[in-house]
Amino acid sequence: MRPERLVVVLGTATEVGKTWVGAQVLGELARAGRRVAARKPAQSFAPGNDPTDADVLAAATGEYPADVCPPHRWYQVPMAPPMAAGALGRPSFTVAELVAELSWPSGVEVGWVETVGGPRSPIALDGDSAALAAALDPDLLVLVVDVRLGAVNAALLAAAALHARPLVVLNRDDGSEVCALNRAWLESEDLDIVGGPHDVADRILLSLPGNR
């Protein structure tokens, strides 16, 4: 069962704030009375590095972490999931398997799927995060960009790797000149840019039935 609105979030790289942005957006939507759910098809992490992405997203949606990411897709090695699976001696898996494993409770209005790393980061034996996003054919693609040093190159390369035009979230603006200049440069490009999670939540709310 597909949610009313399916959102897939990617980052320009790992540790750019995908999970933080997702938790903020989902929390705001939930407070607005919308039924939300999050999914992380696979996650890898260092042992003892709590909370995991699934834990954070579950806290925002009121689900269990095992609902967000199936326990057999938790890989306790900090590398791309298919590499982590190999390092742990566990079976390999495909993009199609990850897609088939996604399930949603009935009545979910906004389903949020978080990928791993950047668009070209391996998420399965036969595909990367961009491939998973294309296979899911979401209603909205969200690209999280760390707007500090290196943002322009990272954002343009990541956006070009996606099958559809993403909504670009400029994250971690520390008020520096570099952030201001990167923001201005990216705004001059053909990108759909918003300032933060609140703007993403507003965009999703406006797309839902009854709010158009």
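Every value quoted in this text rests on a predicted model; they were computed, and no experiment measured them.
- Nearest heavy-atom pair, V108 versus G111, reported as atom, atom and distance to 0.1 Å: CG1-N, 4.0 Å.
- Between the side chain of R5 and the backbone N or O of D139, no donor-acceptor pair lies under 3.5 Å.
- You'll find the side chain of V99 reaches within 4.5 Å of the side chain of V95, heavy atoms only.
- At least one donor-acceptor pair closer than 3.5 Å links the side chain of D55 to the backbone N or O of T52.
- Ring planes of F45 and W74: perpendicular class, angle over 60° (limits at 30 and 60°).
- When atom types are taken as modelled, the side chain of T115 and the backbone of V9 share a donor-acceptor pair closer than 3.5 angstrom.
- Considering only heavy atoms from C-beta on, V25 comes within 4.5 Å of W112 through its side chain.
- In plain terms, the two heavy atoms of A84 and S44 that are nearest each other are CB-CB, 4.2 Å.
- R120 places no side-chain N or O within 3.5 Å of a backbone atom of D128 that could act as its donor or acceptor partner.
- Counting only N and O atoms by type, the side chains of E101 and H72 include a donor and acceptor under 3.5 Å apart.
- Between the side chain of Q43 and the main chain of R73, no donor-acceptor pair closer than 3.5 Å is present.
- Judged by distance alone, with hydrogens and angles left aside, the side-chain atoms of N182 form a donor-acceptor pair with the main-chain N or O of V147 at under 3.5 Å.
- Scanning for side chain to side chain donor-acceptor pair (under 3.5 Å) contacts around R35 gives an empty result, with sequence neighbours left out.
- For K40, the salt bridge (charged side-chain N to carboxylate O under 4.0 Å, His left out) partners at least two apart in sequence or on another chain are D53, E114.
- Neither V16 nor L170 shares a network with the other; the hydrophobic side chains, linked directly or stepwise wherever heavy atoms of I, L, V, M, F, W or Y lie under 4.5 Å apart, form separate groups for each.
- When the side chain to side chain donor-acceptor pair (under 3.5 Å) test is applied to R2, no partner is found at least two apart in sequence or on another chain.
- When atom types are taken as modelled, the side chain of D174 and the backbone of R148 share no donor-acceptor pair closer than 3.5 angstrom.
- More than 12 heavy atoms of other residues, nucleotides or ligands shown are found within 6.0 angstrom of CG on L181.
- Other residues, nucleotides and ligands contribute only 12 or fewer heavy atoms inside 6.0 Å of the CH2 atom of W185.
- The nearest pair of heavy atoms linking L136 to L6 is O-CD2, 3.8 Å.
- Using a 4.0 Å cut-off between charged side-chain N and carboxylate O, E63 and R39 make a salt bridge.
- Side-chain N or O atoms of D67 include one that pairs as donor or acceptor with a backbone N or O of Y64 at under 3.5 Å.
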